[in-house]
Amino acid sequence: MIFLTVGTQLPFDRLVTLVDKFAESSDETIIGQIGNGLYRPTAIEHKPFFAPDEMDHWFVQADVVVSHAGMGSIINCLKLKKPIIIFPRLSKLGEHRNDHQIDTLNSFTNVKGVHVARDEAELLKLLENYRTLNKPVGLKNPKINEMAKYLISLA
């Protein structure tokens, strides 16, 4: 099962649309937390928002998580050792006020189990091959701890 989450702050119709289009030609079960955007998927089960216990449930049940490049989703997947595909919001498309999600994506490019998609083609390729994606090694990995400390120092 694929779990899609766009976070709780802003809509991310571009990501929701891409995952919905993938779902149209896929037999995979896809559950989506799609926020309050304008696009309404036709091929995935979705809600604008899930209660915290529902979110926890879907993160645990997922074989892979597809997400904006949000730290909450990334850290949750690292903790649960769930592969995650991250796709950044872009300020030039009005999806965020700046491009900090590109910085997040760049910071996690070489972290095992975090799979980055810089564009639509990379996202679709990762979705098509999601069952073969590496899982994270968890938060006890010294390199991840170093990265966490570094990211905290930037705040």
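Along the sequence shown, the residues carry numbers beginning at 1.
Between Phe87 and Phe12, the angle of the ring planes stays under 30°, which puts this pair in the parallel group of the 30/60° scheme.
In this structure, NE2 in His46 is found 12.5 Å from CD1 in Ile30, a value given to the nearest 0.5 Å. Atoms CD and CG, on Glu120 and Leu15 in that order, are 10.0 Å from each other to the nearest 0.5 Å. Within the model, atoms CD1 of Ile84 and NZ of Lys135 stand 14.5 Å from one another, a figure rounded to the nearest 0.5 Å. Taking CD of Glu54 as the reference point, atom CD of Gln33 lies at 10.5 Å (rounded to 0.5 Å). We find the CD1-OG1 distance between Ile74 and Thr104 to be 6.0 Å, quoted to the nearest 0.5 Å. Atoms CE and CD1, on Met55 and Ile31 in that order, are 12.0 Å from each other to the nearest 0.5 Å.
Residues Cys77 and Val114 have side chains not in contact (no heavy-atom distance under 4.5 Å, counting atoms from C-beta outward). With contacts defined as side-chain heavy-atom distances shorter than 4.5 Å, the pair Arg14/Thr17 does not qualify.
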Donor-acceptor pairs are to be reported for all side-chain atoms of residues 36-45 against protein atoms at under 3.5 Å, with residues two or more places apart or in another chain.
residue	atom	partner	partner atom	Å
Tyr39	OH	Asp20	OD2	2.5
Arg40	NH1	Gly37	O	3.1
Arg40	NH2	Gly37	O	3.3

Side-chain donor-acceptor distances from residues 126-133 under 3.5 Å, at least two apart:
residue	atom	partner	partner atom	Å
Asn129	ND2	Lys125	O	2.9
Tyr130	OH	Glu28	OE1	2.6
Arg131	NH2	Glu28	OE1	2.9
Thr132	OG1	Asn129	O	2.7

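Side chain of Asp63 to backbone of Met1: a donor-acceptor contact under 3.5 angstrom is found. In this structure, the side chain of Asn76 does not engage the main chain of Gly72 through any donor-acceptor pair within 3.5 Å.
In this structure, Asn134 and Pro83 approach most closely via the heavy-atom pair O-CB, 3.4 Å. The two atoms that bring Pro136 and Leu78 nearest to each other are CB-CD2, 3.6 Å, heavy atoms only. Counting all heavy atoms, side chain and backbone alike, Phe3 lies closest to Ala62 at CB-CB, 3.8 Å. Of all the heavy atoms in Arg89 and Leu10, the pair that sits closest is NH2-O, 3.0 Å.
Applying the ring-ring contact (aromatic ring centres under 6.0 Å, His included) test to Phe22 and every residue at least two apart in sequence or in another chain returns nothing.
In Asn110, the CG atom is not crowded: 12 or fewer heavy atoms of neighbouring residues, nucleotides or ligands sit closer than 6.0 Å. Other residues, nucleotides and ligands contribute only 12 or fewer heavy atoms inside 6.0 Å of the CD atom of Gln9.
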Let's go through Thr5 and Phe59 carefully: what are the C-alpha distance in whole Å and the side-chain angles of both, what is the deciding distance for side chain to side chain contact (heavy atoms under 4.5 Å, CB included) to 0.1 Å, and is it a yes or a no?
CA-CA 10 Å; Thr5 178; Phe59 269 100; 4.2 Å; yes
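No path of Ile, Leu, Val, Met, Phe, Trp and Tyr side chains, each step under 4.5 Å between heavy atoms, connects Ile34 with Phe49, placing them in separate hydrophobic clusters.
Each of Val16, Val66, Val19 was checked for a side-chain contact (heavy atoms from CB on, under 4.5 Å) with Val6, and the lone residue meeting it is Val16.
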